[in-house]
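These figures come from a predicted structure and were not determined experimentally. As the structure lists them, so they are numbered: ligands from 1, and atoms in each ligand from 1.
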Amino acid sequence: MRTSFLFSLTAFILCCSLFSQNAQAQRSKKPPAKPTVGEARAFLDSAEKKLKNLWIKTSRASWIQSNFITDDTDALAADAQKEVTAATVDFAKAAARFNSLKLPYDLERQLNLLKLSLSLPGPGNPAEQEEMTQISVSLESDYGKGKFFPDGPQGKVVDLNQASRILATSRNADTLLRMWKGWHSISPPMRDRYTRLVELSNKGAKELGYRDLGAMWRSNYDLPPDQFAAEIERLWQQVKPLYEALHAHVRASLTKHYGESLVPKDGLIPAHLLGNMWAQQWNNIYELVAPPSGDMGYDLTEILKSKKIDEVEMVRIGERFFVSLGFDPLPETFWKRSLFKKPADRDVVCHASAWSIDFHDDLRIKMCIEINDEDFSTIHHELGHNFYQRAYNPLPLLYQGSANDGFHEALGDAVALSITPEYLQQLGFIQNVPDASGDLGLLMKLALDKVAFLPFGLLIDQWRWKVFSDEIKPSEYNTTWWQLREKYQGVKAPVARSENDFDPGAKYHVPASVPYTRYFLAAILQFQFHRALAREAGIQGPLHRASVYNNKKAGEKLRKMMAMGQSRSWPEALEALTGEKKLDATAFLDYFAPLKKWLDEQNKGRKVGY
Ligand code: X8Z
Ligand code: ZN
């Protein structure tokens, strides 16, 4: 199963026996028999068996499809997903029979997880179900195939990896704009299908008893959905001053580089200048904004290249980190079956993902690795998914997930926070560990990744929640998308946009229907995890210099939390690792406190905000 996935089950044998019992009761005019705890248990057992089978089949079909995109593999993947969706929906509806029954904790929790297990629930009507899964597969597949011709149809073709490389390295505003516009030309054809997907998946969510699909997604956090939304807002308010301080400094640096006519001193930053297609992480423009007196002293991308470290070796280094914490090495099949390099001869979904195909040890990643510091970090992110999947694999199927989806996303990132200069020296990547004068540079580089990401992590689902609740109409999709990007990120479209565009579709998680709030949660959680691991390892000193590499005690604490899967509520899992029960941005803020101080000094006399 892919970490972000529509999973499911089928229940005909069991449903039939429940339905026939009720039919008998109707014939004899007796009220339907009250369900029992024993029946609920049998229902779940049977659902798990069916589900496991179907999920494995669907994973295989999806794996092949996203490693080899053709019309045929699309059709096969859609077929498999349809089966899974139909079965899960049937199970979820049949499970409603136990709603009024007082059930033991585990049964109740698993039934609830079963109900929430689809990211895209289908309507009960088979024709609509088929339409929904076909649309969903076709959207992800179109994203995977996305290419454009910046010099016209006779000229060279550019894919997302190539465009991203240029956005990361070019400082020529015209070149950047061509890449930005080119990639955003792949998504308008998705608009009508996306509109229909919203209708169909919303219908499915309503049939399962949710207000709409957004409310269903928000119900997956052991809290009432509105309270969860309020928690997210609380965290955003905690970190917003730090984001605004970074934004103001980056804007001033870009004004200096590109001129005030392109980057107005007090306004929104054009989205193509920040080193990333979605302006979601800004680490690639480090050299434009670096503190003059705080050089970090090394460039990891240069080191990887000069040492001729290839894609597989980058993954091996990541694996060795987890092994140093006490985890078993990855199985041989991982190395045989994973995709590490973009194939030259076929279309693949390059967006990085981690898979557990068989709920046991058939673990894989799929990633078009580029030799740079960003992908070195993403490799740890993906491996975090795989090690998590293995840690909880002894649990019943419906508990095989992270405490909430933010935990899954945070795990590998928390480990990657241990890629400190001290660790790089241990790897033999740098000779000398820079002294504390380089800390500002280190913090800036990481802030351009983690702090810059926060509003982006928030806004995708702010947009989708409103799309699902119909507050945003299809005729307003693009306008509202940019309103949110301006409001949260303080960035603007580099050229005029209209409703002929469909810019949300140019971001993977929209066509792929992967909920996104998980990444906002993960951004906060990973610092809570890191602080707890450093404490467990007995590390003194600033958190940005703390590496738990080789520390078995910290590793054991982490493994224990991972092994809980989603068998307990996320506050319990959080407590097991950190001793804290609440999401708390103080670890994040403390980590960046020296940088915040520096930014505030730089920003004196500048407008902060947008
Ligand atoms: O999608 C991902 C991972 C796979 S779960 C590579 N991330 C988000 C993104 O790329 O937009 C990680 C950071 C945010
Ligand atoms: Zn992930």
Side-chain angles (χ1 to χ4, degrees), residues 1-6 62 66 119 140 143-144 146 160-161 163-164 167-168 183 271 274-284 314-315 318 322 338-340 342 348-356 363-370 372-389 401-417 446 448-464 485 488-489 503-527 529 562:
M1 181 186 64
R2 195 165 44 158
T3 51
S4 52
F5 208 56
L6 2 122
S62 299
S66 46
S119 298
E140 190 188 1
Y143 185 95
L160 179 58
N161 266 37
S164 296
L167 277 177
W183 180 249
L274 289 153
N276 172 280
M277 187 60 79
W278 310 275
Q280 68 179 66
Q281 279 135 319
W282 306 342
N283 39 299
N284 290 318
M314 279 166 79
V315 183
F322 284 87
S338 289
L339 178 88
F340 300 124
K342 183 173 166 54
V348 303
V349 176
C350 268
H351 190 86
S353 55
W355 303 56
S356 165
L363 303 164
R364 311 174 189 181
I365 64 171
K366 182 174 62 58
M367 193 175 162
C368 303
I369 298 174
E370 302 260 331
N372 60 38
D373 55 356
E374 204 174 317
D375 277 8
F376 188 61
S377 175
T378 304
I379 285 166
H380 291 74
H381 175 98
E382 297 307 330
L383 293 181
H385 286 311
N386 280 154
F387 282 99
Y388 213 151
Q389 287 160 334
S402 51
N404 69 39
D405 52 9
F407 280 58
H408 235 302
E409 301 304 337
L411 205 283
D413 283 8
V415 168
L417 289 176
L446 198 72
L448 292 169
D449 176 351
K450 308 291 178 184
V451 179
F453 180 75
L454 293 164
F456 189 77
L458 200 70
L459 76 87
I460 293 198
D461 283 351
Q462 296 291 324
W463 181 79
R464 268 192 301 205
R485 296 203 60 188
Y488 284 105
Q489 282 185 291
D503 296 327
K507 175 65 197 167
Y508 171 75
H509 303 70
V510 175
S513 291
V514 180
Y516 209 80
T517 309
R518 60 184 63 185
Y519 301 108
F520 176 78
L521 288 174
I524 307 288
L525 271 173
Q526 63 189 261
F527 287 87
F529 290 2
M562 292 156 76

Report summary line: Exactly one of Tyr508, Trp463, Phe456 clears side-chain contact (heavy atoms from CB on, under 4.5 Å) with Tyr516, and that residue is Phe456

Requested in this report: For Gln280, take its heavy atoms, then give the atoms of ligand 1 lying under 4.0 Å from any of them.
Outcome: 9 (C), 10 (O), 11 (O)

Query raised in the report: Quick one: does His351 get within less than 4.0 Å of ligand 1, heavy atoms only?
Result: yes

Query raised in the report: Roughly how far apart are Leu459 CG and Leu454 CG, rounded to 0.5 Å?
Result: 11.5 Å

Requested in this report: Kindly compute the distance separating CD (Glu382) from CZ (Phe340), expressed to the nearest 0.5 Å.
Outcome: 11.5 Å

Query - Rounded distance (nearest 0.5 Å) linking atom CE of Met367 with atom CD1 of Ile379 - result: 5.0 Å

Query raised in the report: Relative to the heavy atoms of Glu409, which atoms of ligand 1 are at a distance of less than 4.0 Å?
Result: 5 (S)

Requested in this report: May I ask you to check if any N/O/S atom from His385 comes under 2.8 Å of the Zn ion (ligand 2)?
Outcome: yes

Query raised in the report: Are the side chains of Asn284 and Glu374 in touch, meaning some heavy atoms are under 4.5 Å apart?
Result: yes

Requested in this report: List every atom of ligand 1 that sits less than 4.0 Å from any heavy atom of Lys507, numbering the atoms from 1 in the order shown and giving each element.
Outcome: 9 (C), 10 (O), 11 (O)

Query - Ring centroid separation His509 to Tyr519 under 6.0 Å - result: yes

Query raised in the report: So is His509 in contact with ligand 1, going by heavy-atom distances below 4.0 Å?
Result: yes

Query raised in the report: Of all residues at least two apart in sequence or in a different chain, which pass the side-chain contact (heavy atoms from CB on, under 4.5 Å) check with Asp449?
Result: Gln281, Asn283

Query - Polar atom proximity, Glu382 to ligand 1 (N or O, under 3.5 Å) - result: no

Query raised in the report: How far does CG of Asn386 sit from OG of Ser338, to the nearest 0.5 angstrom?
Result: 7.0 Å

Query raised in the report: Looking only at non-hydrogen atoms, which of Trp278, Tyr519, Phe453 approaches atom 5 (S) of ligand 1 most closely?
Result: Tyr519

Report task. Taking only heavy atoms of His385 into account, list the atoms of ligand 1 that are under 4.0 Å away from them. Result -> 5 (S)

Query raised in the report: N/O to N/O below 3.5 Å, does that happen between Thr378 and ligand 1?
Result: no

Query raised in the report: Got an N, O or S from Glu409 under 2.8 Å of the Zn ion (ligand 2)?
Result: yes

Requested in this report: Find all atoms of ligand 1 within a distance of less than 4.0 Å from any non-hydrogen atom belonging to Tyr516, and give their numbers and elements.
Outcome: 8 (C), 9 (C), 11 (O), 14 (C)

